[in-house]
Amino acid sequence: MADAHDEPGTATLPPMGGMTLYPVPESVARARRWFRKFADTYDLVCSIDDCVLMLSELVTNAILYGEAEDAWRVRVEWWRLGEALRVDVHNPGPPTDVHLCDPDANDAHGRGLRLVDGLSDSWSAGPSPFGGTVVSFQVNDAWKP
């Protein structure tokens, strides 16, 4: 199977699924439900719970840190790259602000990308083709060969 894209925002094939969310906390639960329905349809062999956790963290970050002068949305897309699963989360925030944090034990925020870094096979951030930022994670061997 051809790769959908090599870098975030360089799609050559349509995503397998996706959704557009309002930047409100309830959208995190909506994204989790939608992804679980997607996973049931495509018979993924990777940890769905890990994927849902990573998706939750990226959508939460998009809602917390996305910024725009006008009304805006968070866009989520998932792709098949050979046997790998890639999930992209787009928001209108500046791409230069995405980085791993080293939170103190008492910090309420700052662990989301650390979770993604630990659970995914790879992750990346960069400019979104929709404007703003796309943060992605990839899980290799998500489908049976």
Side-chain angles (χ1 to χ4, degrees), residues 3-11 13 15-69 71-145:
D3 284 353
H5 55 79
D6 297 321
E7 295 295 324
T10 59
L13 297 174
M16 296 181 75
M19 62 188 312
T20 302
L21 303 162
Y22 289 101
V24 295
E26 295 81 19
S27 290
V28 177
R30 184 172 177 233
R32 286 191 300 255
R33 286 190 305 271
W34 192 258
F35 185 83
R36 284 189 186 279
K37 287 181 185 178
F38 160 79
D40 286 345
T41 302
Y42 286 97
D43 199 27
L44 295 169
V45 296
C46 60
S47 170
I48 303 306
D49 290 337
D50 286 355
C51 290
V52 167
L53 177 58
M54 291 186 286
L55 176 63
S56 295
E57 294 299 333
L58 294 187
V59 170
T60 298
N61 285 352
I63 291 168
L64 288 174
Y65 304 115
E67 53 188 59
E69 292 181 16
W72 58 278
R73 305 288 185 272
V74 173
R75 177 79 187 149
V76 179
E77 298 174 318
W78 32 87
W79 311 82
R80 182 170 182 170
L81 306 169
E83 302 305 321
L85 168 71
R86 183 182 187 115
V87 176
D88 295 349
V89 179
H90 303 264
N91 75 75
T96 58
D97 289 346
V98 179
H99 61 277
L100 289 174
C101 295
D102 290 316
D104 291 330
N106 295 327
D107 289 343
H109 299 285
R111 292 170 184 80
L113 280 180
R114 288 272 172 211
L115 285 170
V116 172
D117 186 56
L119 294 174
S120 69
D121 290 299
S122 64
W123 70 275
S124 61
S128 169
F130 304 114
T133 302
V134 58
V135 181
S136 305
F137 69 82
Q138 183 168 311
V139 177
N140 298 335
D141 301 320
W143 278 272
K144 294 178 184 174

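Just so it is clear, the model here is predicted, and its values are computed rather than measured.
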> Hey, are the side chains of V87 and L58 touching, using non-hydrogen atoms and a 4.5 Å cut-off?
Replying inline: no

Nearest 0.5 Å, please: how far is [atom2] in [Y] from [atom1] in [X]?
X    : Y    : atom1 : atom2 : answer
L85  : D121 : CG    : CG    : 10.5 Å
F137 : R86  : CZ    : CZ    : 10.5 Å
S120 : L53  : OG    : CG    : 11.0 Å

> Going through the checks in order, is the side-chain hydrogen bond (donor to acceptor under 3.5 Å, both in side chains) test met by N91 and W72?
Replying inline: CA-CA 8 Å; N91 75 75; W72 58 278; over 6 Å; no

>> Using the side-chain contact (heavy atoms from CB on, under 4.5 Å) definition, which of the options V59, V89, V28 pairs with L21?
In response: V59

Which atoms form the tightest heavy-atom contact between [X] and [Y], and what is the distance?
X    : Y    : answer
P92  : G66  : CD-CA, 4.4 Å
E77  : F130 : OE2-CZ, 3.9 Å
A84  : Q138 : CB-NE2, 3.6 Å
A31  : L55  : O-CD2, 3.5 Å
V135 : A125 : CG2-CB, 4.0 Å

>> I'd like to know whether W143 forms a side-chain contact (heavy atoms from CB on, under 4.5 Å) with L44, so could you lay out the CA-CA distance, the side-chain angles of the two residues, the decisive distance to 0.1 Å, and finally the verdict.
In response: CA-CA 5 Å; W143 278 272; L44 295 169; 3.2 Å; yes

>> Working note: S136 + D88, criterion side-chain hydrogen bond (donor to acceptor under 3.5 Å, both in side chains); need CA distance, chi angles, decisive distance, verdict.
In response: CA-CA 4 Å; S136 305; D88 295 349; 2.6 Å; yes

> For residues 34-46, which residue pairs qualify under side-chain hydrogen bond (donor to acceptor under 3.5 Å, both in side chains), counting only residues two or more places apart or in two chains?
Replying inline: R36-D49

> Counting only N and O atoms by type, is there a donor-acceptor contact under 3.5 Å from the side chain of R75 to the main-chain atoms of M19?
Replying inline: yes

> Hey, is the main chain of L119 close enough, under 3.5 Å, to the side chain of D50 for a donor-acceptor pair?
Replying inline: no

>> Just by distance, no angles: are the side chains of R73 and S27 close enough, under 3.5 Å, to form a donor-acceptor pair?
In response: no

